[in-house]
Amino acid sequence: MRFHSVVVKASLLWLALWSASAASLPDVHEVAKAVDEHYNRLHSLQAEFTEIFRGAGMDRTESGTLWLKKPGKMRWEYRSPKDKLFLSDGKDAWFYLPGDKQVRKTPVKKLDDLRSPLGLLLGKTRLEKELHGLGFAPDVTPLAPGDLVLRGVPQALADRVSEVLLEITPENQIRRIEIQDVNGAVTEYRFEEQHEDVEIGDGRFRFTPPPGVETIEEDFGQ
């Protein structure tokens, strides 16, 4: 009987600890709502980014500066390991490698690029609508203590992407986005030095091809 009593007490203690832990977890709906409200009130954002790609026998890291401005404008200015430019004025998107004789252009509505959903962060964020089955990812270690990691499947890219991880700071900022495609490749974006509602002129989101550079209109992806 004594052994049985010990087992029962241990089970009750474990249940109490589990219940206390579960009760202390934030509500995923409230977290998603807080992130939505944070970004929907912003008009612009500037951040330093690191882009990491792993897959197809490659392991590539690039970095630069990102500018976002409502509505739908974005500029990804890569500096390392080499210069390149990806931008959208909300209507057309451009991809250019300095020194090339061609620049690629496509209408935003036809854009098939993993960076494009990020341009919609400002003013249209609805995480639970965009990410099916949104929930916590307790098996993923956050980059910073105190951050939460969410997991979901993007509705718009479900044919290409198997899951998306979002790391959320205590201030409801997105610190990291990790995108895993259906073939197993992973693209990760990390954001640092985020400056919100800064003055960004519309000219930063316009692209004029340099003299002698041909514009190729096409659909393009990552």
Side-chain angles (χ1 to χ4, degrees), residues 39-40 42-56 58 60-125 130 154-161 164 166 174 176-179 181 183 185-222:
Y39 283 97
N40 290 341
L42 297 182
H43 296 282
S44 65
L45 176 68
Q46 178 181 333
E48 297 302 300
F49 74 88
T50 299
E51 178 182 325
I52 304 167
F53 176 81
R54 298 181 295 272
M58 293 187 293
R60 182 183 72 232
T61 300
E62 302 173 285
S63 62
T65 303
L66 166 66
W67 292 268
L68 299 175
K69 185 176 181 179
K70 187 185 294 185
K73 299 180 178 69
M74 60 180 173
R75 180 186 181 100
W76 298 75
E77 197 169 289
Y78 293 76
R79 294 188 302 273
S80 176
K82 63 180 180 180
D83 293 346
K84 66 180 184 180
L85 181 63
F86 177 85
L87 66 80
S88 167
D89 59 9
K91 179 182 177 182
D92 294 310
W94 304 77
F95 181 75
Y96 178 61
L97 293 173
D100 278 8
K101 296 300 182 182
Q102 295 180 337
V103 58
R104 297 155 68 191
K105 174 187 176 184
T106 190
V108 167
K109 62 183 179 181
K110 294 184 179 180
L111 186 62
D112 183 20
D113 188 282
L114 295 181
R115 287 163 293 207
S116 58
L118 306 184
L120 300 178
L121 278 177
L122 304 187
K124 295 184 179 181
T125 310
E130 299 296 332
Q155 302 277 28
L157 297 173
D159 59 329
R160 293 182 55 198
V161 177
V164 169
L166 298 176
I174 297 175
R176 170 175 56 146
I177 300 176
E178 185 174 300
I179 304 166
D181 71 25
N183 296 318
V186 175
T187 304
E188 179 180 344
Y189 298 96
R190 299 180 181 183
F191 304 103
E192 300 177 342
E193 300 179 40
Q194 299 190 42
H195 303 287
E196 300 176 344
D197 282 337
V198 294
E199 287 292 330
I200 308 175
D202 286 343
R204 190 175 291 277
F205 306 98
R206 299 192 190 103
F207 183 82
T208 301
V213 173
E214 179 185 11
T215 298
I216 305 297
E217 300 200 18
E218 59 179 19
D219 296 347
F220 59 86
Q222 182 188 15

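Please read all numbers here as calculations on a predicted model, not as lab measurements.
From Phe53, atom CZ reaches atom CE of Met58 across 4.5 Å, with rounding to the nearest 0.5 Å. The CD atom of Gln46 lies 6.0 Å from the NE2 atom of His195; values are rounded to the nearest 0.5 Å. The CZ atom of Arg54 lies 11.5 Å from the CZ atom of Arg60; values are rounded to the nearest 0.5 Å. Between the CG atom of Leu66 and the CG atom of Leu45 there is a distance of 6.5 Å, given to the nearest 0.5 Å. Note that the CD atom of Glu196 and the CG atom of Leu42 stand 4.5 Å from one another [nearest 0.5 Å]. Interatomic distance, CD of Gln194 versus CD of Glu48, reported as 10.5 Å (0.5 Å rounding).
Side-chain atoms of Asp181 come within 3.5 Å of backbone N or O of Asn183 as a donor-acceptor pair. Between the Asp100 side chain and the Gln102 main chain, no donor and acceptor come within less than 3.5 Å of each other. Distance alone, capped at 3.5 Å, places no donor-acceptor pair between the Thr50 side chain and the Ser63 backbone.
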Task: Steps toward ring pair (Phe, Tyr, Trp, His ring centres under 6.0 Å) verdict (Phe86, Tyr78) - done: CA-CA 8 Å; Phe86 177 85; Tyr78 293 76; 8.2 Å; no
TODO: Could you give me the CA-CA distance, side-chain angles and deciding distance for Ile216 and Lys105, then say whether side-chain contact (heavy atoms from CB on, under 4.5 Å) is met?
DONE: CA-CA 6 Å; Ile216 305 297; Lys105 174 187 176 184; over 6 Å; no
Open item on the list: Apply side chain to side chain donor-acceptor pair (under 3.5 Å) to residues Arg79 and Thr65 and explain how you reach the verdict.
Closed with: CA-CA 8 Å; Arg79 294 188 302 273; Thr65 303; 2.6 Å; yes
TODO: For the pair Glu77 and Trp67, evaluate side-chain contact (heavy atoms from CB on, under 4.5 Å) and give the outcome as yes or no after the intermediate values.
DONE: CA-CA 8 Å; Glu77 197 169 289; Trp67 292 268; 3.7 Å; yes
- [ ] Quick one: do Ile200 and Lys73 satisfy side-chain contact (heavy atoms from CB on, under 4.5 Å)? Show the steps, please.
- [x] CA-CA 11 Å; Ile200 308 175; Lys73 299 180 178 69; over 6 Å; no
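When all heavy atoms of Ser88 and Val108 are compared, the pair lying nearest together is OG-CG2, 3.3 Å. A pairwise comparison of heavy atoms in Leu97 and Asp83 identifies CD2-O, 4.0 Å as the closest pair. Among all heavy-atom pairs drawn from Ile177 and Val164, the shortest one is CG2-CG1, 4.1 Å. Annotation for Lys84 and Pro98: closest pair CA-CD, 3.9 Å, computed over non-hydrogen atoms. His43 and Asp197 make their closest contact through N-OD1, 2.7 Å (heavy atoms, listed as atom of the first residue, atom of the second, distance). The two residues Thr187 and Glu51 make their nearest non-hydrogen contact at CG2-CG, 4.3 Å.
With sequence neighbours excluded, no residue satisfies side chain to side chain contact (heavy atoms under 4.5 Å, CB included) with Glu192.
Looking only at side-chain heavy atoms (C-beta outward), Glu188 and Ile179 stay at 4.5 Å or farther from each other.
For residues 204-215, no residue pair satisfies the salt bridge (charged side-chain N to carboxylate O under 4.0 Å, His left out) rule, not counting sequence neighbours.
For an aromatic pair to be called close, the ring centres must be under 6.0 Å apart, and Trp76 with Tyr189 satisfies this.
In this pair, Tyr96 and Phe207 present their aromatic rings tilted. The plane angle is within the 30 to 60° band.
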